Undergrad: 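The structure is given below, and queries will be raised subsequently.
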Amino acid sequence: MAHDESIAERVNRLELPFNEFGVDPYGISKKHLVLAGSALAFLYRYYFRVRCFGIEHVPPRGRTMLVGNHSGGYAVDGAMLITSMFLEMNPPRLAQGMAEKFMNRFPVASLWTSRTGQFTGLPEHAHRLLEDDRLLMVFPEGARGTAKLYRERYSLVDFGTGFIRLALQTRTPIVPVGILGGGTAVPTVANLYKLGRLVGVPYIPVTPYLLPLPLPAPVELHYGAPITFSGTGDEDDDVIAGYVEQVKSRIAELIEQGRAQRTRRLGA
Amino acid sequence: MRVLILGIAGGIARKLATRLLDAGHEVLGIDVRPWSAAPKGIEFHRVDVRKRAAEDVFRRRRPEAVVHMATVTALSVSGGERGRINLDGTKAVFDHCRDYGVKQALFIGRHTFYGAAPDSPLYHSEDEPPRALEKVPELADLVAADLYAATALWRMPELTTAVLRFVYTLGAPGTGTLASFLRGRRVPMVLGYDPLFHVMQEEDVVTAIQLALEKRIRGIFNVAGPPPMPFSVIIRETGRTPVPLPTPLLARLLGRFGFPRLSQGTLSHIKYPIVVDNRRFREATGFQYANDEGRILRIFREASPPPGSQG
């Protein structure tokens, strides 16, 4: 981890076309990245004590899709994944996520997600970002993935298939990521769907201590070797489903590998 | 080429007329507004585009190309009259083009066509339908005029039609929708939002129209200059002070206490971005902007310093 370099210096080293006002063509702003990066770096280093494995599998530049599993309540996993790309890559890379549509309807959330490069999950956004050789972060489990309860934290729910068609259309390598710890950080025991709908979000997670604030549980990120599929994106559903299954089982392997490594470490 | 410009007394249309004249074209124009200082060589007719006298200009002068800039923006004219100018005027223009053998027509539209909505893609492509119209009924007649102009692509295959959807203009002399919103020292924003704004310098708008004419492009095209900027950057860099206010309070203050006038519906235009993908136009014409973000804002700041400043 580059402790000797300031967050502002790392933001300056991001290979994005910032203009003289420190803003890129998507509205991503250096000022907002420094503020968000500082807060996230603190959480990454001292609160979740993130350990990152296999980061050398992520290409230093060019279009790439990071595909990971969701674990726990809300997007602690996504935030730590973005932070790992920013703090551990050399040069740093900005992972751009596909946020849930409801985010953009809220003041402040709308502003911060877009200024830090996290756009509404629309195929048009994903397509354009990859064509611009950006680093796209995808959680194909969607909101069903974050709704997993504590006891389901290492399981995977059904994956969407859009990400595979997108990878084929844009000839993008997929880097699978297994994420451990999010489910322990936000140990969800129930989800309040009706209350969530009332305030305009998919659900509100409930923890044993009621408030959905994350606990300082250690988080691990396991990056796997890139997977490249060849095709046009117009393949039949069963072909696409086979590719999805390959990515899903690779992520499941990374999670299991991570759990085994952790058990060994704790036993040692 | 003999070019007829409808709405020629407008700021950008005048610049276009002069530029085309200098490039060796024969230029004539129609407007209900006066243009007393029209340069020699530009034939100016002060008539309403919907009236018989305008048709006479088509009949007598037989233009080869028509640039239709005689639409009005949302707030400068009241509802019914605006609809008549934008819709009936556009219909009359295309009818005359068909009846008097015009070969090429350019409809100058606006990127607000797409609407501002929280679930829209950031970069709009030409194939997208307009959205959020129910929130801004004032824009409906401009959208309808744009769509009507586009029907000429299949209704009149002999006419080379291009619909150009331009982003906001900003520069000298400081006119236009965005410029009028920025006219005060303090500029309101919606608290918690800071949308991207796509702006273009007026000289670049003229260049784009001239290229569209000379390259004889056909179809629907978004036209933009440099990449978009956050609204707060535009406000600050033009010497103004942003005043973020909660939506309900802002809705009550608009048009009062020195704040600009804006309809309730168009508040969404300062909450959500309207940004366009202009790759199709660039590929068709080779257009490149001459004024980048910084220069656009500096030109506007110098031409329209905030009230009470030393300039």
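These values consider heavy atoms only, across backbone and side chains, with no hydrogens, waters or symmetry-generated copies. Throughout, a chain's letter reflects where its sequence line sits, starting with A, and its residues are numbered from 1. Please read all numbers here as calculations on a predicted model, not as lab measurements.
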Undergrad: Whether A/Asp133 and A/Arg61 form a salt bridge (side-chain N of Lys/Arg under 4.0 Å from carboxylate O of Asp/Glu) is what I want to check.
TA: no
Undergrad: Is any residue of residues 239-246 of chain B within less than 4.5 Å of chain A by heavy atoms, and which ones?
TA: none
Undergrad: Using the benzene-type ring in the case of Trp, are the ring centres of A/Phe42 and A/Tyr47 under 6.0 Å apart?
TA: no
Undergrad: Check whether B/Ser120 gets within reach of chain A through its side chain, its backbone, both or neither, counting any heavy atom under 4.5 Å.
TA: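 Answer is backbone: N, CA, C or O of B/Ser120 sit under 4.5 Å from chain A.
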Undergrad: Are any of the side-chain heavy atoms of A/Phe86 and A/Leu33 separated by less than 4.5 Å?
TA: no
Undergrad: Testing B/Pro273, B/Pro228, B/Pro195 for side-chain contact (heavy atoms from CB on, under 4.5 Å) with B/Leu122, which one passes?
TA: B/Pro273
Undergrad: Counting only heavy atoms closer than 4.5 Å, note whether A/Phe106 contacts chain B via side chain, backbone, both or neither.
TA: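 Backbone of A/Phe106 only, per the 4.5 Å heavy-atom cut-off to chain B.
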Undergrad: Could B/Asp194 and B/Lys271 be called an ion pair, given the rule that one side-chain N must be under 4.0 Å from one carboxylate O?
TA: no
Undergrad: Where does B/Leu297 contact chain A at under 4.5 Å (heavy atoms): side chain, backbone, both or neither?
TA: side chain
Undergrad: Is the distance from the ring center of A/Tyr26 to that of B/Tyr123 below 6.0 Å?
TA: yes
Undergrad: Examine B/His111 together with B/Tyr168 and report whether their ring centres are nearer than 6.0 Å.
TA: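 Close enough - the centres of the two rings lie under 6.0 Å apart.
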